[in-house]
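Fair warning: this is a prediction, and the values are worked out from it, not measured in the lab. To find a chain, count down the sequence lines: A is the first, B the second, and so on, and within it residues start at 1.
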There are 2 protein chains.
Amino acid sequence: MRIGEVAERAGVSVRALRYYEERGLVIADRSPSGHRRYPESAVERVKFIQLLYAAGLASKAIREILPFLDTLVATPRMTRRLMDERARIRARIDDLTKAHDRLDELIRLSAEYENTPAACPAT
Amino acid sequence: MRIGEVAERAGVSVRALRYYEERGLVIADRSPSGHRRYPESAVERVKFIQLLYAAGLASKAIREILPFLDTLVATPRMTRRLMDERARIRARIDDLTKAHDRLDELIRLSAEYENTPAACPAT
DNA sequence: CTAGAACCTCACGTCAACGTGAGGATCAAG
DNA sequence: CTTGATCCTCACGTTGACGTGAGGTTCTAG
């Protein structure tokens with residue numbers, strides 16, 4: 001598969017894919033002319049990378065975790081990293097929950113001084 | 001109160017406080033010689049700012065929300081911003097939860113191939 | 001065979017929230 | 001009055017995940 005198709009199907013930019021290769025997150029072999037060739041699996045792999053990036057993992061952490069997808073064998077280092085990052089994410093969720101509740105509080109407060117309805121469509 | 005004390009009590013750097021002033025998040029008046037003077041309330045204000053920064057709000061969004069703490073009166077714009085950010089945070093929590101669960105899955109998988117105990121101290 | 005789409009490699013630009021000196025003034029204590 | 005801690009204002013450096021041309025090659029449809 002060519003880079004443009006991978007980009008579109010994974011929902012990222014072509015530049016991002018080149019960047020991932022530079023960071024060692026995705027390996028692509030090349031056509032004789034030098035164009036990148038990706039296997040089908042690359043799409044899912046990139047989506048997974050996006051998931052981890054969105055969760056705030058650094059590319060270094062991702063690089064340590066990704067090989068697991070290929071080998072399905074976890075080194076102690078990988079396991080540790082997985083658990084560390086899980087803990088980090090959990091802590092982050094706690095922080096966000098605090099901020100969320102605080103904003104909630106303010107919104108309810110503001111509803112007392114304004115005519116603005118406190119009801120939120122997404123609640 | 002001087003900037004150093006505010007910094008220590010709020011748990012941020014002196015540089016951060018100057019930056020917050022530059023961004024219009026904290027107003028400090030000056031001594032005749034030009035040193036910043038903060039009211040007691042600044043400590044709580046800065047902690048709140050930290051909470052919002054930690055939740056991923058941009059300084060622009062914080063600037064729109066902060067006046068509420070002073071006036072306790074919400075303009076429609078402020079209310080909208082509050083609710084927008086609450087929604088953003090909620091969405092962010094969802095993303096993180098997805099990533100968390102995915103990592104959890106991998107950790108359980110890796111426990112099958114390694115002797116690494118799956119038990120997590122923080123669970 | 002030719003045009004336009006898609007690809008390539010540099011390599012500098014971006015943005016946010018500060019960090020980090022440089023160089024100098026001010027404050028609090030003895 | 002001196003000294004060490006604290007403060008001031010520039011102003012450039014940092015980090016990560018790309019964006020954005022520049023300048024050139026390759027692929028593909030007609």
Evaluate the side-chain contact (heavy atoms from CB on, under 4.5 Å) criterion for residues A:Ile93 and A:Thr97: first the C-alpha distance (whole Å), next the side-chain angles of each, then the deciding distance (0.1 Å), finally the verdict.
CA-CA 6 Å; A:Ile93 290 177; A:Thr97 302; 4.0 Å; yes
With B:Thr71 via side-chain contact (heavy atoms from CB on, under 4.5 Å) - residues at least two apart
B:Val73
Please name all residues satisfying side-chain contact (heavy atoms from CB on, under 4.5 Å) with B:Glu8, sequence neighbours left out, ordered by chain then number.
none
Hey, is CZ on A:Arg30 packed in by over 12 heavy atoms from elsewhere, all under 6.0 Å?
yes
For DNA chain D, determine which residues of residues 38-53 of chain B have any heavy atom closer than 4.0 angstrom to one of its atoms, and list them numerically.
none
Of all the heavy-atom pairs spanning A:Glu21 and A:Tyr38, show the shortest one and how long it is.
OE1-OH, 4.1 Å
So which of residues 56-63 of chain A are in contact with DNA chain C, with a heavy-atom cut-off of under 4.0 Å?
none
Could you list, one pair per line, each protein nitrogen or oxygen that sits under 3.5 Å from a nitrogen or oxygen of nucleotides 27-30 of chain D, together with the distance?
residue, atom, partner, partner atom, Å
D:dC27, OP1, A:Ser33, OG, 2.7

Between the two end axes of the helix from C:dC1-D:dG30 to C:dG30-D:dC1, each built from 5 base pairs, what angle do you get to the nearest 10°?
10°
Side chain of B:Arg63, backbone of B:Arg23: donor and acceptor closer than 3.5 Å?
yes
So, taking the atom named CD1 in A:Ile107 and the one named CE in B:Met78, what distance separates them when rounded to the nearest 0.5 Å?
11.0 Å
Counterpart residues, salt bridge (charged side-chain N to carboxylate O under 4.0 Å, His left out), relative to A:Glu105 (two or more places apart):
A:Arg102
Side chains of residues 41-54 of chain B: which donor-acceptor pairs under 3.5 Å do they make with residues two or more places apart or in other chains?
residue, atom, partner, partner atom, Å
B:Arg45, NE, B:Leu25, O, 3.0
B:Arg45, NH1, B:Asp70, OD1, 2.9
B:Arg45, NH1, B:Asp70, OD2, 3.4
B:Arg45, NH2, B:Leu25, O, 3.3
B:Gln50, OE1, B:Tyr20, OH, 2.4

Membership question, hydrophobic clusters at under 4.5 Å side-chain separation (ILVMFWY): are B:Ile27 and B:Leu72 in the same one?
no
Does B:Arg36 reach the main-chain N or O of B:Arg18 with its side chain, forming a donor-acceptor pair under 3.5 Å?
no
Counterpart residues, side chain to side chain donor-acceptor pair (under 3.5 Å), relative to A:Glu40 (two or more places apart):
A:Arg9
Charged N to carboxylate O under 4.0 angstrom, A:Asp104 versus A:Arg108?
yes
Looking at residues at least two apart in the chain, or sitting in another chain, which of them share a side-chain contact (heavy atoms from CB on, under 4.5 Å) with B:Arg81?
B:Lys60, B:Ala61, B:Glu64, B:Ile65, B:Glu85
I need the residues from residues 3-30 of chain A with at least one non-hydrogen atom less than 4.0 Å from DNA chain D; give them sorted by number, or say none.
A:Ser13, A:Arg15, A:Ala16, A:Tyr19, A:Tyr20
Residue pairs fulfilling ring pair (Phe, Tyr, Trp, His ring centres under 6.0 Å) with at least one residue in residues 89-108 of chain A, sequence neighbours excluded:
none
